[in-house]
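Below is one structure, written out as structure tokens, with a few remarks after it.
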Amino acid sequence: MRTQVGIVGAGPAGLLLSHLLHLQGVESVVIENRSRDYIEQRVRAGVLEQGTVDLLTESGVGERLRREAIVRDGIELRFGGRRHPLNLRELSGGRAYTVYAQQEIVKDLVHARLAANGRILFEADGVSVHDFDTAAPRIRFRKDGAEVELQCDFIAGCDGLHGVCRPSLPAGALSVFERVYPFGWLGILVEAVTPEQEMVYAWNERGFGFFNRRSPALAGAHPAFPPGRARRGRRKLARRADLA
């Protein structure tokens with residue numbers, strides 16, 4: 001099997017890259033180890049910045065986004081016992097943020113690629129990349145029990161922090177800049193209609209957290225915890241869900 005660009009990972013980054021390459025006449029194949037149903041249903045981030053919305057719209061995959069997304073003008077900070085609204089549209093010269101779940105972007109991009117006869121290979125096992133730093137890189141994987149080698153001109157590693165591409169980079173080719181904060185987030189999704197419509201960030205002597213709306217009937221609450229406590233909190237919630 002051969003293509004111009006082999007893309008590892010069918011998340012928003014890999015799918016959008018494949019779509020943009022297609023618009024420029026460049027062939028690609030997307031390799032994904034999960035099923036289509038899994039990537040279209042898993043819950044991830046739900047807020048898009050203006051630049052992302054503009055790119056999706058201009059590239060022709062923003063029709064459902066325009067119809068179903070929730071556009072918000074600002075955020076609200078709460079501290080010192082007071083509310084402090086910030087109108088981002090006014091402060092940024094007209095730019096806003098949009099509430100539209102990441103899995104919905106994935107659905108739109110998968111539909112666009114398949115409608116254009118793009119190749120997305122789901123449930124590819126044992127994915128590995130080879131000769132990353134040569135003129136003839138390769139991606140190997142198992143599909144439907146058969147060993148497959150994809151030869152390509154370039155490999156795009158869009159499989160995230162824990163994927164196979166990052167550790168496959170040649171030594172010295174990757175520079176990492178990061179800031180590690182001394183807390184983690186405990187994310188709680190709730191089916192509820194609340195009066196708050198904008199994103200709310202709140203702080204008091206008991207801690208910090210934020211609220212955001214995922215849809216007209218779905219909200220997210222995200223209290224901050226020390227990393228160990230956040231993991232314990234998730235386990236407790238999971239046990240309670242099992243007992244419910």
Side-chain angles (χ1 to χ4, degrees), residues 9 11-13 34 38-54 56 65 68-107 159-163 166 175-244:
R34 302 283 192 172
Y38 179 88
I39 67 168
E40 290 186 343
Q41 298 301 324
R42 60 180 172 182
V43 177
R44 290 291 187 269
V47 174
L48 304 179
E49 295 183 1
Q50 186 69 56
T52 302
V53 173
D54 293 344
L56 292 170
L65 184 155
E68 300 179 10
I70 302 172
V71 180
R72 293 297 178 220
D73 293 340
I75 64 172
E76 184 175 298
L77 306 180
R78 296 182 182 178
F79 59 89
R82 298 181 59 188
R83 303 171 66 169
H84 307 269
L86 297 177
N87 192 310
L88 300 181
R89 189 183 293 275
E90 292 179 357
L91 295 171
S92 64
R95 300 170 72 82
Y97 69 90
T98 299
V99 179
Y100 191 68
Q102 178 173 306
Q103 66 266 27
E104 303 305 321
I105 299 175
V106 169
K107 292 176 186 176
D159 52 344
L161 178 63
H162 304 293
R166 186 185 179 96
S175 297
V176 178
F177 302 90
E178 64 178 355
R179 176 179 294 178
V180 180
Y181 292 91
F183 58 83
W185 297 108
L186 177 61
I188 306 171
L189 287 178
V190 182
E191 289 185 354
V193 178
T194 64
E196 293 86 355
Q197 296 300 316
E198 310 286 6
M199 292 181 66
V200 178
Y201 297 85
W203 178 87
N204 62 24
E205 65 278 1
R206 293 182 297 170
F208 174 70
F210 76 94
F211 160 92
N212 70 330
R213 178 153 298 290
R214 294 297 187 91
S215 74
L218 187 65
H222 306 269
F225 287 89
R229 287 186 60 193
R231 287 192 291 270
R232 290 195 296 273
R234 284 194 291 269
R235 288 197 293 269
K236 289 180 180 178
L237 286 174
R239 287 199 295 272
R240 290 172 184 170
D242 291 339
L243 294 173

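Numbering starts at 1 and runs along the sequence shown.
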**Report entry** Contacts of Glu104 that satisfy salt bridge (Lys or Arg N to Asp or Glu O under 4.0 Å) - sequence neighbours left out
**Finding:**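 Once residues adjacent in sequence are excluded, the partners of Glu104 under the salt bridge (Lys or Arg N to Asp or Glu O under 4.0 Å) criterion are Arg64, Lys107.
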Shortest non-hydrogen contact from [X] to [Y]?
X      : Y      : value
Tyr100 : Glu68  : CE1-CB, 4.5 Å
Gly51  : Arg95  : N-NH2, 3.4 Å
Val106 : Gly11  : CG2-C, 4.5 Å
Gly209 : Trp185 : CA-CZ3, 4.2 Å

Pairwise distance [atom1]([X]) to [atom2]([Y]) - rounded to 0.5 angstrom:
X     : Y      : atom1 : atom2 : value
Leu77 : Arg82  : CG    : CZ    : 12.0 Å
Glu76 : Met199 : CD    : CE    : 12.0 Å
Leu48 : Leu56  : CG    : CG    : 7.0 Å

Just to verify, what does [X] make a side-chain hydrogen bond (donor to acceptor under 3.5 Å, both in side chains) with, not counting sequence neighbours?
X      : answer
Arg89  : Asp73
Gln103 : none
Asp54  : Gln50
His222 : Asn212

Query - Side-chain heavy atoms of Arg44 within contact of Ile105, under 4.5 Å - result: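 No - every pair of side-chain heavy atoms lies 4.5 Å or more apart.
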Report task. Give the ring-plane orientation class for Phe183 versus Tyr181, where under 30° counts as parallel, over 60° as perpendicular and anything between as tilted. Result ->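 Tilted, since the angle between the ring planes falls between 30° and 60°.
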Query raised in the report: Hey, what's the ring geometry for Phe208 with Tyr201, parallel, tilted or perpendicular (30° and 60° as the breaks)?
Result: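 Phe208 and Tyr201: parallel rings.
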Query - ring-ring contact (aromatic ring centres under 6.0 Å, His included) partners of Tyr38, counting only residues at least two apart - result: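 Tyr38: no ring-ring contact (aromatic ring centres under 6.0 Å, His included) contacts found.
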Query raised in the report: Does atom CD of Glu49 have more than 12 heavy-atom neighbours, drawn from other residues, nucleotides or ligands, at distances under 6.0 Å?
Result: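 Not buried by this count: 12 neighbours or fewer within 6.0 Å.
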**Report entry** Gly74 backbone acceptor or donor facing Tyr97 side chain under 3.5 Å
**Finding:**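 At least one qualifying donor-acceptor pair exists.
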